[in-house]
Amino acid sequence: MRQAMIAALMISLLAACAVRLGGPSPAPFRVVVLSSAETDAAAVAAAIREQNGQIALVTADRDSAWFAEVASGAGLELSGPGHTGPHSMAFLTSQLKLLGDTSIVLLVPSGGRIHMHDALYEIAENRQIDLMMVDVDGVEDVRDGVRTLLMYIASDVGNSVPLVLGVSARTTQVDDSVAVLLRAAFASAKDCAAADGSSGDGASASIAVAGLALLYGPPARLQCEDARMTGNGQGISARLVVGR
């Protein structure tokens, strides 16, 4: 009887250690990045709902009331919008606790400005995720702009915190340049779609959306399972998983 009790105790201790060693389970999120020219807030909210969006990064030339209506229609909580530049930016989330947000302007040494909305969220105790939307329309030298952005990320975002980065630019070419320059630290949803072999609905793997990109990283903390364009072609949708 004593041996049986000792064996049961050992099994319990080993199981407890396994739980502690294994850490928290991976946390998947459907992320949507939208650059909207749509005037109807209800239509934008519907586009987010159609993707089952749990996190949405939205940029539009609209006021706070419009963003609030989109958030309400999508059933999500609103952070922002930030109005530092020509385009307002905001985040819409579900089941995340907002720890803090800010809208700032980064001055690029060679000329131009990066407009940004940045927010830190808590997924669960001791687990966080950072959302960042940047507008690089006013940057004269993309390489210098990316260097400025990386300096901000290095000083503001913790090394262990996964980051979802939305990039708004004049053209797809500029977005692609930003993605290439950031490739050492961040992966692109465009590459995720190509690796998956489809856009998520059996169509082409290409998810080129004019003037918009979705990046994520570091890859050791944040992975992509699939990516596709949203139904209205104005945004990108990706299933991102926060690792252990």
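As the structure is a computational prediction, the values presented were derived from the model and not from experiment.
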Margin query: Could you go through L163 and L222, starting from their C-alpha distance and side-chain angles, then the distance that decides it, and tell me whether this counts as side-chain contact (heavy atoms from CB on, under 4.5 Å)?
Written below: CA-CA 8 Å; L163 171 65; L222 195 57; over 6 Å; no

Next item on the list: Begin with the C-alpha distance, continue with both residues' side-chain angles, and end with the deciding distance and a verdict on salt bridge (charged side-chain N to carboxylate O under 4.0 Å, His left out) for K190 and D176.
Entry: CA-CA 9 Å; K190 182 179 292 187; D176 287 344; 2.8 Å; yes

Next item on the list: Determine, stepwise, if the pair I48 / V70 fulfils side-chain contact (heavy atoms from CB on, under 4.5 Å).
Entry: CA-CA 9 Å; I48 296 172; V70 172; 4.1 Å; yes

Note to self: Apply side chain to side chain donor-acceptor pair (under 3.5 Å) to residues S237 and R30 and explain how you reach the verdict.
What the structure shows: CA-CA 7 Å; S237 169; R30 174 59 66 177; 3.1 Å; yes

Checklist line | Residue pair Q54, V31: steps toward the side-chain contact (heavy atoms from CB on, under 4.5 Å) verdict | finding: CA-CA 6 Å; Q54 297 164 288; V31 179; over 6 Å; no

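Judged by distance alone, the side chain of S177 and the main-chain N or O of Q173 form a donor-acceptor pair under 3.5 Å. Between the side chain of Q51 and the main chain of A47, no donor-acceptor pair closer than 3.5 Å is present. When atom types are taken as modelled, the side chain of R221 and the backbone of S160 share a donor-acceptor pair closer than 3.5 angstrom.
For the atom pair OG1 (T84) and CD1 (I114), the distance works out to 11.0 Å, reported to the nearest 0.5 Å. Residue L78 holds its CG atom at 10.5 Å from OG of S72, rounded to the nearest 0.5 Å. To the nearest 0.5 Å, atoms CG (L214) and SG (C192) are separated by 9.0 Å. Taking CG of D118 as the reference point, atom CE of M132 lies at 4.0 Å (rounded to 0.5 Å). Rounding to the nearest 0.5 angstrom, the gap separating the CG atom in L131 from the OG atom in S79 is 8.0 Å. Once rounded to the nearest 0.5 Å, the distance linking OG of S188 with OH of Y216 reads 7.0 Å.
Between F29 and V242 there is a side-chain heavy-atom pair separated by less than 4.5 Å. Residues I55 and F91 have side chains not in contact (no heavy-atom distance under 4.5 Å, counting atoms from C-beta outward). No side-chain heavy atom of P162 sits less than 4.5 Å from a side-chain heavy atom of Q128. Proximity of V32 to L34: side-chain heavy atoms (C-beta onward) are separated by under 4.5 Å at one or more points. Within the 4.5 Å cutoff, side-chain heavy atoms of H117 are placed close to those of D101. Under the 4.5 Å side-chain criterion, counting only non-hydrogen atoms from C-beta, H83 is in contact with P81. Counting heavy atoms from C-beta outward, L215 and L182 have side chains that approach closer than 4.5 Å. Considering only heavy atoms from C-beta on, T93 stays 4.5 Å or farther from L76 through its side chain.
Within a 6.0 Å sphere centred on CZ of R62, heavy atoms belonging to other residues, nucleotides or ligands number more than 12. Heavy-atom contacts from other residues, nucleotides or ligands closer than 6.0 Å to CD of Q95 number 12 or fewer. Within 6.0 Å of the CD atom in Q223, the count of heavy atoms belonging to other residues, nucleotides or ligands exceeds 12.
Under a hydrophobic clustering in which Ile, Leu, Val, Met, Phe, Trp and Tyr are joined whenever their side-chain heavy atoms come within less than 4.5 Å, directly or via other members, M89 and V178 fall into different clusters. I129 and V241 fall into different hydrophobic clusters, defined by Ile, Leu, Val, Met, Phe, Trp and Tyr side-chain heavy atoms under 4.5 Å apart, directly or through other members. Note on Y121 and I123: same hydrophobic cluster, where clusters join Ile, Leu, Val, Met, Phe, Trp and Tyr whose side-chain heavy atoms are under 4.5 Å apart, directly or indirectly. Under a hydrophobic-cluster definition in which Ile, Leu, Val, Met, Phe, Trp and Tyr are linked whenever side-chain heavy atoms come within less than 4.5 Å, directly or via other members, L106 and L181 are assigned to the same cluster. Placement of I153 and M151 in two distinct hydrophobic clusters is found when ILVMFWY residues are connected by side-chain heavy-atom separations under 4.5 Å, directly or transitively.
Considering only residues two or more places apart in sequence or on other chains, H115 meets the ring pair (Phe, Tyr, Trp, His ring centres under 6.0 Å) condition with none of them.
The nearest pair of heavy atoms linking G235 to L212 is CA-CD2, 3.9 Å. Shortest non-hydrogen contact noted between A71 and L92 is CA-CD2, 3.4 Å. Here the closest non-hydrogen pair linking C224 and L240 is CB-CD2, 3.7 Å. Here the shortest heavy-atom pairing between F67 and V58 reads CE2-O, 3.8 Å. In terms of heavy atoms, L57 sits closest to G166 at CD2-N, 3.9 Å.
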For residues 133-148, tabulate all N or O donor-acceptor pairs below 3.5 Å that involve a side-chain atom, not counting sequence neighbours.
{"from": "D135", "atom 1": "OD1", "to": "D137", "atom 2": "N", "distance (Å)": "2.9"}
{"from": "D137", "atom 1": "OD1", "to": "R170", "atom 2": "N", "distance (Å)": "2.7"}
{"from": "D137", "atom 1": "OD2", "to": "H87", "atom 2": "NE2", "distance (Å)": "3.4"}
{"from": "D141", "atom 1": "OD1", "to": "R143", "atom 2": "N", "distance (Å)": "3.0"}
{"from": "D141", "atom 1": "OD1", "to": "D144", "atom 2": "N", "distance (Å)": "3.1"}
{"from": "D144", "atom 1": "OD1", "to": "R147", "atom 2": "NH1", "distance (Å)": "2.9"}
{"from": "D144", "atom 1": "OD2", "to": "S110", "atom 2": "N", "distance (Å)": "2.8"}
{"from": "D144", "atom 1": "OD2", "to": "S110", "atom 2": "OG", "distance (Å)": "2.7"}
{"from": "T148", "atom 1": "OG1", "to": "D144", "atom 2": "O", "distance (Å)": "3.0"}

